[in-house]
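Have a look at the structure below, then the notes.
Just so you know, these numbers come straight off a predicted model, no measurement behind them.
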Amino acid sequence: MLEVIEVSKMFGRNVVLKNVTFSLKNGILGIYGANGSGKTTLLKIISGFEKPSCGRVFFNGREITNKAPQEIVKLGVAMAFQIPRVFWNLTVHENVLLAARETDYTAEICKELNLEDVLFKKAKEISQGKVKLLQLAMCFALKPKLALLDEPFASLDAENVEVVLEFLKKRGSEISMIITAHRTKILKTIASQMLEIRGGKIVGSS
Amino acid sequence: MISLFFSALIYASLALCVLLSYRVAKVVNLSFGSIFTLGGYLSVFSLFITPIFGAWIGLLLHIGSKRMDASKATIFSLGIAIAIEEALRILFRVENILLDSRIFYFFGYKLVFEHFLASMISATFLILFLAFELKKPFSRLKLKVIEEDIENAELYGIDAEKARAIVLVISSAFFCSIGGLYLSGRVISPTIGWLYMIFSLFIATIANVFREKAYILLLPTSFGVCWLV
Amino acid sequence: MVKLLEAVEISLTMNSKKILDSVNLCFDRGINLIAGPNGSGKTTLLKILAGLLRPSSGKILLDGLDITMKKAHERVKLGIIMAPERMKLPLSLTVDENLRFCDRNRAYEYFPELKKISEKKARDLSGGERQMVILARAFAKNSKYLLLDEPFQGLHEKIKERIIKLLEEEGRKRGILVVTHDELEKIFSMSDYICVLTNGKLLYAGEKEGGEKILKKFFI
Amino acid sequence: MLVSIAIRILVLVLLILPVFLDCYTKLLAASALTLAIFTVSWLYLEKDLGWASLGHSIPFGVSAYLFAINPLLLFFSPLTTFLLFPLSIFGKHTFPFASFVFSVFLWYLAHHIVFEGKGGEEGFRAPSINLDLIYLISVTILILSCLLIWKISNSYFGLKVKAVRDDEIAAKAIGINSLPFKVFGFAISCSLASIAGILHAAIFGHVSPGVFSPYFSLFPFVAATIGQGKIWSSILGSYTVVFLSWFLSPYVPEFHYAIYAVALILASYTQSYARSDRSV
């Protein structure tokens, strides 16, 4: 489904990614590593928000290396950011509606992710944990074939982690995912494949 | 030719003030135009009170926009600009005033004495700042840290607010006194200063492209722009 | 007994959202650790202690002296130094010029590597080198209290170890407050006082023994 | 709620009343009306797109000039969008000042526009139309533009425009290409502003470089500040500024600038601009 071939990324003199190569057929891929090891950059390169310095990315046999993010989304790759990027002055319902395009599906996803009680509040008025859930809801409302989730469990409390975990397990059968985390404990419970990344290089897989 | 050189000097020093207040005080100071005009009107009474009034307005600007971000502070400065303009309009009911000037001959060139004085003051200001820039004393380093990030400057133990106040006061006083000198011999109205401000803003914007070298390249830029116009 | 640095009932509300909720802390000499997940308000708390942000309510005491209304540069003179995270330092200055804001010789003593690159501009340095400049500046200035925000970001293993040693040494002389994700276990074993923040609320604050369980459950 | 209904009724009364009054008052009301349309166009740009322009006199003045030079050039006025839109490369924080400086630049430039021996500081004579007729047209256009903006900003399309305002990167992440929506929003706002400019030229039968002066470039900002960003009260705000300055200028020269100074200084303490930039 997804193939990443020899991707490198440099910011000035800083090498963030060094010849990263991997491929994903189906299922959930977990990527773990310390802060600043290049996980976020890798996801941003796949989703088109960053251009790789060299290397290529293929999705379903089509090259998506230098495509704009909005085109890549239309091919079926959706991204959920680590630091949530949502529309702060719109309500939660409007936020999800923009991604889902139909009211019924919006209601369904909001129910699954426990967002019903804040449905008509503005995104800037709800708590940080809920914003994180909202980001996830927007990602899945796009009906992607591949979802890229950057640290979906970070800054969530125990109760919300349960909600997210339940949701990901349920969707995991239909949608492929790449999930990053800097802790492996939760990741191991859902991922079918694991990669460790350190200093911009892939050092281990299982 | 010589008057071109003089006006390039003056505009370079005005642009330096604009650039300094943008980089250190973090405000695109739109009130400079009105301060310039104010200087022109004040010079009817005396040339020596112009820097004092300019400094007062600089201080007012600093105190008024102390805790604002860049865009709000700029809107504040625009408000001050219009307030000054309106005050001038109320105080000097006659719209247009002709300022008198003295003419003297410099190697056969006919020159307005006040313009000559203004350009000499600007040249001194520029040379002093250039020396300050190139010799890099500790206070220049402090200024550089403030230019980049105010939070960082505070962590380095630098009083950013004091530096901001000093820059605003000095640049306003400078604008006011240059306005008093440079407008003499012309017919002035309350809106005349906008032109000078826009022109120096234009030079400062072009010089700003050179980033760290901006201060050094101000004079050549100003010379080039004046020559083109 | 008067503690070195105290935060009394600190609350911060921004955009009608509570970021910190009546946090009570007292730090003393030695190494103190603040831990918590991303977005729990650790960096905000550090900024409040350093004077970059003003709390909505609450007090900050240094040696029993109320410094809540003091600005950051005044606090630097009183003896609170902060090393910011994300490699924030003036990029247009050279390393040498950056270190003129502290005791230069001591800085080169701590990090001899910097001597070689002293004439380079900070803009041309790699991430690890930048972090070293930040730490050198913070350590080589006399202070009562040192606030470190993610000090290990982007550093090599060797230098990390050196910094941990340095922390141990300096911890005897002054108070050090560390916020970190990396090397949590090592710092934890060194530290005397631990607090855990989640969602702006204090989950635990006190001796190491009690905190171990909570910390393990959350992070390790 | 009661207040907002009262404001709407007051605006409607202000729209209808001048029809029965003398010519002078009608002229004054018509000029306030065009400026109200101008304010509405500015408000759309500020509220739905998040770009606060302090140089909205650019589309206003340019199309007034075009209309005065040749009435057939009126159809080119929507193209003034492309004078204002390129300034958006400066980013939301600098855009207000960039546009303001550009409008002041045009103000000086306008003194030198000479066409077939006319123009310069004197300005151009514009074709003048019967005052009663133009008053009716203006009222219709004001109501239509309010309806149009209300309709657009409540549609799904308008939702996308608002999404682009809030966060362009997040918009890209859900497959919205931000550029066309931005251009569309600017085009709507600039077209309405140019209509206001053309009406202004037609009412006074004369266009001078003054249409680029800070009086016009800052007018919508000040009116919106008085109206606290709500559409109906901003219309009321523009009436207030026009009437106050007209009645008080015999005592204080150019009284509107005093209102401007107060409004700008107060606005810098209370209002927030570039609302979408929210640091987490």
Using only distance, no hydrogens or angles, which N or O donor-acceptor pairs sit under 3.5 Å between chain B and chain C?
residue: B:Glu148; atom: OE1; partner: C:Leu91; partner atom: N; Å: 2.5
residue: B:Glu148; atom: OE2; partner: C:Leu91; partner atom: N; Å: 3.1
residue: B:Glu148; atom: OE2; partner: C:Ser92; partner atom: N; Å: 2.6
residue: B:Glu148; atom: OE2; partner: C:Ser92; partner atom: OG; Å: 2.6
residue: B:Glu151; atom: OE1; partner: C:Lys88; partner atom: NZ; Å: 2.9
residue: B:Glu154; atom: OE1; partner: C:Ala72; partner atom: N; Å: 3.3
residue: B:Glu154; atom: OE1; partner: C:His73; partner atom: N; Å: 3.3
residue: B:Tyr156; atom: OH; partner: C:Asn98; partner atom: OD1; Å: 2.7
residue: B:Asp159; atom: OD1; partner: C:His73; partner atom: NE2; Å: 3.1
residue: B:Glu161; atom: OE1; partner: C:Lys71; partner atom: NZ; Å: 3.1
residue: B:Glu212; atom: OE1; partner: C:Lys121; partner atom: NZ; Å: 2.8
residue: B:Glu212; atom: OE2; partner: C:Arg123; partner atom: NH1; Å: 2.5
residue: B:Glu212; atom: OE2; partner: C:Arg123; partner atom: NH2; Å: 3.3

Problem set entry | Audit row: C:Val76, B:Leu155, side chain to side chain contact (heavy atoms under 4.5 Å, CB included) steps and yes/no | CA-CA 7 Å; C:Val76 169; B:Leu155 289 181; 5.7 Å; no
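Atoms CG and CG, from C:Leu93 and B:Leu141 in turn, are 5.0 Å apart once rounded to the nearest 0.5 Å. To the nearest 0.5 Å, atoms CZ (C:Phe101) and CD1 (B:Ile158) are separated by 4.0 Å.
Below 4.5 Å, heavy atoms of chain C meet no heavy atom from residues 114-122 of chain B.
Atom CZ of C:Phe111 has more than 12 neighbouring heavy atoms from other residues, nucleotides or ligands inside a 6.0 Å radius. Other residues, nucleotides and ligands contribute only 12 or fewer heavy atoms inside 6.0 Å of the CZ atom of B:Phe5. In B:Tyr22, the OH atom is not crowded: 12 or fewer heavy atoms of neighbouring residues, nucleotides or ligands sit closer than 6.0 Å.
Within the structure, ring-ring contact (aromatic ring centres under 6.0 Å, His included) contacts touching residues 48-71 of chain C (residues at least two apart or in different chains) do not occur.
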Donor-acceptor pairs are to be reported for all side-chain atoms of residues 170-183 of chain B against protein atoms at under 3.5 Å, with residues two or more places apart or in another chain.
residue: B:Ser171; atom: OG; partner: B:Val167; partner atom: O; Å: 2.8
residue: B:Ser171; atom: OG; partner: B:Leu168; partner atom: O; Å: 3.2
residue: B:Ser172; atom: OG; partner: B:Leu168; partner atom: O; Å: 2.8
residue: B:Ser177; atom: OG; partner: B:Ala173; partner atom: O; Å: 3.0
residue: B:Ser177; atom: OG; partner: B:Phe174; partner atom: O; Å: 3.1

